[in-house]
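Worksheet: one structure, shown below.
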Amino acid sequence: MEFLGGSALEVAPKLLNALLVSDIDGTIVTLRITEVEAYLGVAEDPGSHAFRGKTERNSSMFLRGGHVYVYRSYGMHWCANVVAGPEGEAGAVLVRAGEVTEGRETALARRLATGTVRRPADLASGPGRICAALGITGDIDGQEFGRDRALSLWLPREPLGSARAAVGTSTRTGVGGPGGFLPYRSFLLGEETVSRHRPSPHEKTTK
DNA sequence: CCAGAGATTTTCT
DNA sequence: GAAAATCTCTGGA
């Protein structure tokens, strides 16, 4: 996982089409990633948890690339990130959406335990939904990706290559203020699992 | 289909 | 005490 030592901005698009595999509670669930967002380090990115420095919550963002950063969002959802960059420097890529390719039944059961699934594409379309579907909780925070671990990451056999044109970019969802301008969201075009982009609050006001 | 608001709790100012 | 990298349901067009 050499490339995870790069900045979150470099790493984010490379994670598109990668497989995120969870082996939790004795079941394998595999997710093909279709949408991600990059978050940078201290004083670099007003939208990042690390903007004001290291705290207890965001300390995993300062680990070496290849670790997991899980945080609680709005008091009720878990969100999972792939940590990027060298040790001591904050950076992470939020996994926003994907398609469950293995373990659909388990994923569906986990999702139905807390919410509803209107259409198949909604199984893991959203950071909170992904964690519910894969069984990811705060217990995983700070762990390392790897074979025989709770979470592992597998790059696509074929690099995106010609599919490079199929990658879209936009501002991040739900990030307001100065950070709302930054085009740090990457997604695969034409994917059913990618949510319609909701403009950041500032974009809304400037139309 | 879309906009609006509630749920719920941790974190930081 | 306010805000938060969200999700779901409700009500109106």
- Task: Identify whether any heavy atom of A:Thr55 sits under 4.0 Å from a base atom; if not, whether one sits that close to sugar-phosphate; answer base, sugar-phosphate or nothing.
- Result: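 A:Thr55: backbone/sugar contact only, no base atoms under 4.0 Å.
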
- Query: Does anything in residues 117-145 of chain A reach DNA chain C, meaning a heavy atom under 4.0 Å, and if so which residues?
  - Reply: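 Result for residues 117-145 of chain A: A:Gly126, A:Pro127, A:Gly128, A:Arg129, sorted by number.
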
- Salt-bridge criterion met for A:Arg172 and A:Asp45 (N-O under 4.0 Å):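 Judged by the 4.0 Å cut-off on N to carboxylate O distance, A:Arg172 and A:Asp45 do form a salt bridge.
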
- Message: Closer than 4.0 angstrom, basic N to acidic O: yes or no for A:Arg32 and A:Glu191?
- Response: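 Yes, this pair counts.
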
Output the single nucleotide from [options] whose closest atom is nearest the side chain of [X].
X: A:Thr116; options: C:dC9, C:dT6, C:dA5; value: C:dC9
X: A:Met76; options: C:dT6, B:dT11, B:dT8; value: B:dT8
X: A:Tyr74; options: C:dT6, B:dT10, C:dT8; value: C:dT6
X: A:His77; options: C:dT6, C:dA5, B:dA7; value: C:dT6

- Output yes when at least one side-chain N/O atom of A:Arg72 is less than 4.0 Å from OP1 or OP2 of B:dT8, else no.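 Negative; the distance criterion is not met.
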
Can you check the [X] [atom1] to [N] [atom2] distance for me, whole Å?
X: A:Arg172; N: C:dA4; atom1: CZ; atom2: P; result: 13 Å
X: A:Leu112; N: C:dT8; atom1: CG; atom2: P; result: 10 Å
X: A:Met61; N: B:dC12; atom1: CE; atom2: P; result: 13 Å
X: A:Tyr39; N: C:dA5; atom1: OH; atom2: C1'; result: 4 Å
X: A:Trp78; N: C:dA4; atom1: CH2; atom2: C1'; result: 15 Å
X: A:Phe181; N: C:dA5; atom1: CZ; atom2: P; result: 17 Å
X: A:Phe51; N: C:dA3; atom1: CZ; atom2: P; result: 18 Å
X: A:His49; N: B:dT11; atom1: NE2; atom2: P; result: 11 Å

- Query: Who pairs with A:Glu89 by salt bridge (charged side-chain N to carboxylate O under 4.0 Å, His left out), at least two apart in sequence or on another chain?
  - Reply: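 Applying salt bridge (charged side-chain N to carboxylate O under 4.0 Å, His left out) to A:Glu89 gives none.
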
- Donor-acceptor under 3.5 Å (A:Asp23 side chain, A:Ala150 main chain):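 Answer holds: no.
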
- Message: Pair A:Tyr39, A:Leu94 - check side-chain contact (heavy atoms from CB on, under 4.5 Å), show working.
- Response: CA-CA 8 Å; A:Tyr39 289 87; A:Leu94 173 67; 4.0 Å; yes

- Query: Does one side chain, of A:Arg147 or A:Ser152, offer a donor that lies under 3.5 Å from an acceptor on the other?
  - Reply: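 No - no donor-acceptor pair under 3.5 Å links their side chains.
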
- Just checking, is any N or O donor in the side chain of A:Thr193 or A:Thr34 under 3.5 Å from an acceptor N or O on the other one?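 Side-chain D/A pair, A:Thr193 to A:Thr34: present.
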
- Query: Are A:His49 and A:Tyr71 near enough that their ring centres are under 6.0 Å apart?
  - Reply: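 Between A:Tyr71 and A:His49, which both carry aromatic rings, the centre distance is below 6.0 Å.
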
- Query: Dot-bracket for DNA chain B: what is it, with Watson-Crick or G-U pairs under 3.5 Å, [ ] where a pair crosses earlier ones, and | for a pair to another strand?
  - Reply: |||||||.||||.

- Rounded to the nearest 0.5 Å, what's the gap from CG on A:Leu4 to NE2 on A:His67? Could you check?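 The distance works out to 11.0 Å.
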
